[in-house]
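Following: one structure in structure tokens, then a few remarks.
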Amino acid sequence: MADPELALFRAYPAARGKLPRAAFVKAPTPVDALELDRKGFARGRLYVKRDERSCPAYGGNKPRKLEFVIGDALERGVRTLVTTGGLGTNHGLATTILGRAVGLKTILVLVHQPVTEAVRATLLLQAGYGAEQVYGANVPGAAIQTLRVLVGSLLRSDRPLLVPTGGSSARGNLGLVSAGLELAEQVRAGALPEPEQVYVPVGSGGTLAGLVLGLRLARLRTRALGVLVTDILPPSPASLARAARRTLALLRRADPSVPGLTIVPSDFSLITSELGPGYGAPTPAAREAVELAAGAGLSLDVTYAGKCLSAILNRARRQELGDGPILFWNTYNAVDIASAAPHRIGPEQLPRSIRRVLARASAN
């Protein structure tokens, strides 16, 4: 299903047997020139990292984290994955799909977000792939429901594992460390010039934390910038630095040859101008970016990747990009997961609490 080797293990082979991995990712993902019908970009200056092709079962950045999280879960004899997110959580859907692929059950504790057609479709897919859905409404409610789910699973001897939101953890972030090292290999092989800047969307923050660490370990001068897309417990530069340091500590325990690095909050740049009304709320700029990308043959969403690309476009318009190559890291899934769903689920089969949320959204 996937390349058995990662750039992480080519760089630090002693870590190979000490960091369990469920081999979901097919690496390296391609890098292509991205030609957009927009002024401000010289030909050959904008590139895209095609992580939508990261895994045949579910593309995007999620499999990079989850192959380490789920690999560790399998090593520990876990039977049930429990995780949280918005109603239309792509992380929750990816966890469900990839967990199912290796025989694990998934329980999703969901909080409210604006109900779009994409959210409705994702809820049906979550259920169609076998997720148990629990509605927590808001962050405090989700915390209570998550505790209830974990206690119930323990009492049933289901051996649950709480997967952090977005799969962002010291272990999950290893996948993006490997992605940074992978990018460096592609630069050195001539697939693209060394980017001056790379842009990624930031929800839980693990993608940016791991990528910054990977770029530092690869000795690239590339500056990673995160485009904030959430107002639900958003990460800060300080929390991102702590996350990267925890991942570095885990990696150094696995392979002492990994160099010690000083990682500080100033290593992390967050762009906050693209969030709009809040998490999951489309913005006109994101919709425009999605349409432009579609014209170039690239499928994006308005929640994450669209807002990330819109940040690049807006900074180009304001002449804030500098002069060097720019890399847009596409974290969106482009795999047709609907046709592969094992069950066809209708809205009437969703949990009652979620049906009520959808009904209220339809009435407004």
Side-chain angles (χ1 to χ4, degrees), residues 3 6-7 25-56 59-64 175-176 178-202 207-208 210-212 214-215 218-227 229 269 271 274 285-302 304-336:
D3 184 341
L6 292 179
V25 172
K26 187 177 178 61
T29 57
V31 175
D32 292 330
L34 181 57
E35 304 293 343
L36 298 179
D37 186 17
R38 169 60 64 87
K39 293 180 180 179
F41 289 107
R43 187 174 183 83
R45 187 176 172 216
L46 180 61
Y47 295 83
V48 56
K49 180 72 164 147
R50 306 293 300 266
D51 258 24
E52 78 273 19
R53 303 179 184 178
S54 64
C55 169
N61 62 330
K62 314 301 184 188
R64 289 192 183 269
L176 277 301
S178 188
L181 294 165
E182 176 185 312
L183 177 63
E185 290 181 345
Q186 291 175 305
V187 168
R188 288 161 190 149
L192 77 164
E194 181 175 352
E196 180 178 335
Q197 300 171 347
V198 55
Y199 287 77
V200 295
V202 172
T207 296
L208 183 60
L211 186 59
V212 166
L215 294 174
R219 296 182 174 86
L220 289 184
R221 294 166 295 179
T222 303
R223 177 79 177 180
L225 294 94
V227 180
V229 301
S269 299
I271 298 168
E274 304 301 320
R287 292 187 188 280
E288 179 188 11
V290 169
E291 291 175 6
L292 278 171
L298 198 63
S299 177
L300 307 182
D301 67 320
V302 294
Y304 287 88
K307 290 183 177 180
C308 183
L309 183 57
S310 72
I312 298 175
L313 297 173
N314 286 332
R315 287 167 72 88
R317 187 181 297 119
R318 297 191 298 267
Q319 298 184 329
E320 296 174 355
L321 285 180
D323 300 319
I326 302 297
L327 178 64
F328 164 58
W329 202 295
N330 185 17
T331 60
Y332 185 54
N333 163 58
V335 175
D336 180 11

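- With sequence neighbours left out, the salt bridge (charged side-chain N to carboxylate O under 4.0 Å, His left out) criterion links Glu194 to Arg221.
- Looking at every heavy atom in both residues, Ala311 comes nearest to Val227 through CB-CG2, 3.6 Å.
- Nearest heavy atom pair, residue Pro56 against residue Val335, reads O-CG1, 3.4 Å.
- Contact check for Lys62 versus Asn333: no side-chain heavy atoms found under the 4.5 Å cut-off.
- Checked by atom type and distance alone, the side chain of Glu274 never pairs as donor or acceptor with a backbone atom of Gly306 at under 3.5 Å.
- For the residue pair Ala286 and Val302, the shortest heavy atom distance occurs at CB-O, 3.8 Å.
- Taken from OG in Ser178 to CG in Leu211, the straight-line distance is 11.0 Å, to the nearest 0.5 Å.
- Contact detail for Leu300 and Ala293: the closest heavy-atom pair is CD1-CB, 3.5 Å.
- When all heavy atoms of Ser310 and Ala285 are compared, the pair lying nearest together is CB-O, 3.5 Å.
- Once rounded to the nearest 0.5 Å, the distance linking CZ of Arg317 with CD1 of Ile312 reads 12.5 Å.
- Between Leu176 and Val200, every side-chain heavy-atom pair lies at or beyond the 4.5 Å cut-off.
- Using a 4.5 Å cut-off on side-chain heavy atoms (C-beta onward), Trp329 and Leu208 make no contact.
- With a 6.0 Å radius and a threshold of 12 heavy atoms from other residues, nucleotides or ligands, Glu320 has its CD atom above the threshold.
- Scanning for side-chain contact (heavy atoms from CB on, under 4.5 Å) contacts around Val229 gives Pro201, Tyr304, Lys307, with sequence neighbours left out.
- Counting heavy atoms of neighbouring residues, nucleotides and ligands inside a 6.0 Å radius, atom CG of Asp336 exceeds 12 of them.
- Distance alone, capped at 3.5 Å, is enough to place a donor-acceptor pair between the Arg45 side chain and the Gly324 backbone.
- Between the CG atom in Asn330 and the OG atom in Ser299 there is a gap of 8.0 Å [rounded to 0.5 Å].
- If you check the side chains of Asp51 and Thr331, you find no donor sitting under 3.5 Å from an acceptor.
- Looking at heavy atoms from C-beta onward, Val198 lies in side-chain contact with Leu215 at the 4.5 angstrom threshold.
- Counting heavy atoms from C-beta outward, Thr29 and Glu182 have side chains that approach closer than 4.5 Å.
- Under the 4.5 Å side-chain criterion, counting only non-hydrogen atoms from C-beta, Leu298 is in contact with Glu52.
- Between Glu185 and Pro28, the closest side-chain pair of non-hydrogen atoms is not below 4.5 Å.
- Put simply, the side chain of Lys26 never gets that close to the backbone of Arg53: no donor and acceptor are under 3.5 Å apart.
- Taking CG from Leu220 and CG from Leu181, the interatomic distance works out to 8.5 Å, rounded to the nearest 0.5 Å.
- Summarising the geometry of Val202 relative to Gly226, their closest heavy-atom pair is CG2-CA, 3.4 Å, with the distance given to 0.1 Å.
- Side chain of Thr222 to main chain of Pro195: a donor-acceptor pair is present (N/O by atom type, distance under 3.5 Å, no hydrogens or angles).
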